[in-house]
There are 2 protein chains.
Amino acid sequence: MPEQSKCTMRDVARLAGVSTSTVSAVINETVAVSPQRKIRVLRAMEALDYEPDAIARSLKTGRTNAIGIIVPDITNAFYPEVIRAAEEAAQEAGYSVLLCDSSEDSNLEERHLSALFSRRVDGILLACCVNSRAQQTLSRRRVPAVFVDRLPPASMVNTVCTDNVQAGCLATEHLIGLGHKRIGLLAGHTALSPHHDRLEGFRKAMQEAHLPILDEYLMTGDVQFEDGFDAARRMLHLPVPPTAIMASNNKLLMGVLRAAEEQPLRIPQDVSVLGFDDYLWNEHFNPSLTAIAQPARQIGRKSFELLQQLISGPAAARDSPLHAVFPAELRVRRSTGAPRG
Amino acid sequence: MPEQSKCTMRDVARLAGVSTSTVSAVINETVAVSPQRKIRVLRAMEALDYEPDAIARSLKTGRTNAIGIIVPDITNAFYPEVIRAAEEAAQEAGYSVLLCDSSEDSNLEERHLSALFSRRVDGILLACCVNSRAQQTLSRRRVPAVFVDRLPPASMVNTVCTDNVQAGCLATEHLIGLGHKRIGLLAGHTALSPHHDRLEGFRKAMQEAHLPILDEYLMTGDVQFEDGFDAARRMLHLPVPPTAIMASNNKLLMGVLRAAEEQPLRIPQDVSVLGFDDYLWNEHFNPSLTAIAQPARQIGRKSFELLQQLISGPAAARDSPLHAVFPAELRVRRSTGAPRG
DNA sequence: AGTGTCAAGCGAAACGTTACGATATGGAGT
DNA sequence: ACTCCATATCGTAACGTTTCGCTTGACACT
């Protein structure tokens with residue numbers, strides 16, 4: 001049964017018969033220590049079950065080896081994957097992760113930021129919420145930060161995200177390729193960069209195919225199940241309804257499914273359905289759901305890598321912002337098919 | 001544009017023309033300060049955009065106002081809900097959360113624990129992984145800890161979880177009530193307390209109904225999609241197959257669905273299907289999935305509350321372990337029905 | 001022998017806070 | 001006028017590290 005571990009570097013030093021500086025040198029391998037002393041120190045550390053106090057170390061060095069991650073809603077299955085990958089990379093590099101959930105509330109987001117500043121984190125990974133003031137708040141500080149997935153309107157920031165314009169394009173082209181001409185889009189909250197960009201991709205693809213974009217086939221704004229249900233129902237009841245509907249968010253998509261079921265319309269024979277964000281269970285739906293998949297793990301890992309680069313690189317390197325963009329992938333399943341007739 | 005905020009208590013004190021002790025007193029409201037001085041201090045803090053250094057404070061006070069949360073897999077949708085609720089409660093109480101994902105790997109779990117100890121967190125919330133040594137590791141330290149959802153075999157620990165025996169009972173009774181006599185169970189990894197307990201609940205309910213428990217209808221061990229698929233397929237190909245199958249884990253359940261589809265068997269006419277853990281999309285499956293729902297948010301919140309009690313209560317109070325058990329809830333949907341004939 | 005070089009080790013001063021004992025200040029009670 | 005107390009304020013010693021400059025020996029070269 002080892003010690004109660006209430007022990008400090010001084011205890012180790014005393015037991016080993018050396019000074020605390022030597023213990024520190026052994027721990028950090030910062031200067032050479034003779035082998036026999038090194039062994040004495042290591043033995044003492046072992047015997048006392050010594051563990052360096054990260055707090056004291058941070059106070060002295062000014063570095064905490066901790067980063068903050070703020071997401072708008074950890075319950076949204078996309079973020080856990082990002083977080084996991086980032087945390088994995090962080091842990092490999094000896095960093096810990098302080099997790100904050102802003103609940104899509106910019107005031108809470110600000111409070112989280114303050115807390116992180118106060119804790120002197122070395123850097124921040126942020127998927128910002130609607131109406132976020134984070135960009136200004138961060139620019140006042142000297143804390144390295146990388147915006148992930150949800151980007152602020154401002155430009156001079158470091159970012160990692162999916163190429164959502166391409167994603168919107170890809171999805172639309174898939175449907176056009178199947179023969180669809182009337183495509184509906186529940187675009188979500190266009191103040192959020194992913195939703196905004198997907199809409200843009202949609203527009204681009206439609207234009208390139210010389211297809212008109214009808215107001216009745218476009219819905220922006222809220223992103224809950226009921227919103228999707230209402231919007232899809234409205235579209236499907238039009239005199240000339242769309243033959244395919246895309247939803248920029250999972251809950252909206254569920255709403256579309258429900259609206260189709262209600263009529264009832266068969267998927268994909270009567271209406272094709274496509275979602276953004278691919279989840280494990282999409283494959284097991286009946287019919288299985290065609291979806292755009294984002295490389296969440298890559299995004300998470302890359303975010304941390306960029307952040308670490310900012311943290312440990314020279315301060316000058318922070319002047320021109322870093323960017324990483326990943327392509328989205330289309331997973332074709334059974335919920336999309338050729339339109340009737 | 002405020003200051004660069006490289007400022008310390010001394011800067012504030014100098015500007016306000018008081019001593020650092022007074023500034024500290026104002027911040028912590030630990031001793032009375034005359035109104036006019038208090039105002040001077042507050043103004044100075046404002047002017048310098050001062051933010052207390054949590055690191056220095058922690059070093060001095062021995063408290064970090066941070067807790068650690070370790071989960072086996074944040075990608076499992078149950079945990080984000082727990083985490084969110086716990087984090088919410090923590091943030092309300094002025095605590096930050098250090099998040100760790102053990103990837104179901106006990107060595108990584110140990111490393112995370114060490115890191116948390118080193119960072120001197122005030123307490124730890126832990127959903128332990130298979131073969132966890134966390135209980136021993138924690139018992140050596142004086143760090144308050146609460147085990148959440150996944151409990152270690154040992155008894156003298158603080159715990160918060162669903163009543164999984166009742167959950168297993170409830171699910172089984174539901175099927176028995178519908179007229180099922182031959183019920184299959186993919187019980188998952190019985191070394192994990194939730195899975196173990198659900199199996200026990202199943203046994204109890206079957207016994208009370210005087211129904212036999214057949215080995216061929218019981219599968220334990222792995223918990224991946226393929227495992228569920230193989231096991232369900234095997235059961236459904238038996239000369240006398242079960243008329244209902246329950247799965248203790250979402251991936252297993254997906255395997256069951258796939259196996260049924262393959263035959264093909266209709267759900268619920270040919271075979272009823274029931275899952276543990278209720279997710280948003282269960283309702284939107286076709287057919288919608290009957291499931292046991294755990295009160296994840298309540299569990300998360302309560303976990304933090306108990307932990308805080310341990311942290312701020314007298315050390316003596318830590319002797320007899322705290323427990324909180326929440327009832328599970330059955331959500332009856334379309335995937336379960338009366339057996340044929 | 002005297003000098004210079006170098007590595008290994010040490011002591012002490014920070015880092016930014018809090019907490020504690022000590023010191024002023026100003027009435028009220030005698 | 002004197003003590004006595006309560007109240008407000010301050011100086012300073014920690015907390016457990018790292019870092020920096022200094023000392024010490026050992027050793028090689030004149």
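Every chain is numbered from 1 and lettered A, B, ... according to where its sequence line falls, protein lines coming before strand lines.
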Notebook entry, point to check: Do any side-chain nitrogens or oxygens of B/T22 fall under 4.0 Å of OP1 or OP2 in D/dC10?
Noted result: yes
Check: Can you tell which of A/V71, A/L108, A/D73, A/I74 makes a side chain to side chain contact (heavy atoms under 4.5 Å, CB included) with A/S103?
Finding: A/L108
Check: Are any of B/S19's side-chain N or O atoms less than 4.0 Å away from OP1 or OP2 of D/dG11?
Finding: no
Margin query: Base, sugar-phosphate or nothing for A/S34? Non-hydrogen atoms, less than 4.0 Å.
Written below: sugar-phosphate
Next item on the list: Using whole Å, report how far NZ of B/K38 lies from P of D/dA8.
Entry: 10 Å
Next item on the list: Mind calculating the distance between CD (A/Q36) and P (C/dA8) to the nearest angstrom?
Entry: 10 Å
Check: When you measure from the side chain of B/N28, which nucleotide among D/dT18, C/dT18, D/dT17 comes out closest?
Finding: C/dT18
Next item on the list: Considering non-hydrogen atoms only, spot the tightest contact between A/L310 and A/A145 and give its length.
Entry: CD1-O, 3.8 Å
Next item on the list: In whole angstrom, give the distance that lies between atom CG of A/L59 and atom P of D/dT18.
Entry: 11 Å
Check: Would you say a side-chain N or O of B/R37 is under 4.0 Å from OP1 or OP2 of D/dA8?
Finding: no
Next item on the list: Write down the distance between CD1 (B/I39) and P (D/dA8), rounded to a whole number of angstrom.
Entry: 15 Å
Note to self: We want to know whether A/S58 and A/R120 form a side-chain donor-acceptor pair, criterion being a heavy-atom distance below 3.5 angstrom.
What the structure shows: no
Margin query: Between A/S96 and B/R119, is there a side-chain donor-acceptor contact under 3.5 Å, judged purely by atom types and distance?
Written below: yes
Notebook entry, point to check: Any donor-acceptor pair under 3.5 Å joining the side chain of B/K60 to the base of C/dA19?
Noted result: no
Item checked: Interatomic distance, B/M9 CE vs D/dA14 C1' [rounded to whole Å] -> 14 Å
Checklist line | Under-3.5 Å donor-acceptor pair between A/S21 side chain and C/dG11 base | finding: yes
Check: Measuring from A/E109:CD to A/I70:CD1, what's the distance to the nearest 0.5 Å?
Finding: 6.0 Å
Check: A/I55 has an atom CD1; how far is it from atom C1' of D/dA14, in whole Å?
Finding: 17 Å
Notebook entry, point to check: Where the side chain of A/A56 is concerned, which of C/dT17, D/dT17, C/dA19 is the nearest nucleotide?
Noted result: D/dT17
Next item on the list: Give the rounded distance in Å between these two atoms: CG of A/N65 and P of D/dT17.
Entry: 15 Å
Check: How is B/T8 classified with respect to the nucleic acid when contacts are heavy atoms under 4.0 Å: base, sugar-phosphate, or nothing?
Finding: sugar-phosphate
Next item on the list: Look at the side-chain N and O atoms of B/S24 and state whether any lies under 4.0 Å from the OP1 or OP2 oxygen of C/dT18.
Entry: yes
Checklist line | A/E51 CD - D/dG16 C1' separation (whole Å) | finding: 14 Å
Next item on the list: Determine the contact category for A/V31: base if any of its heavy atoms lies under 4.0 Å from a base atom, sugar-phosphate if only primed atoms, P, OP1 or OP2 are that close, otherwise nothing.
Entry: nothing
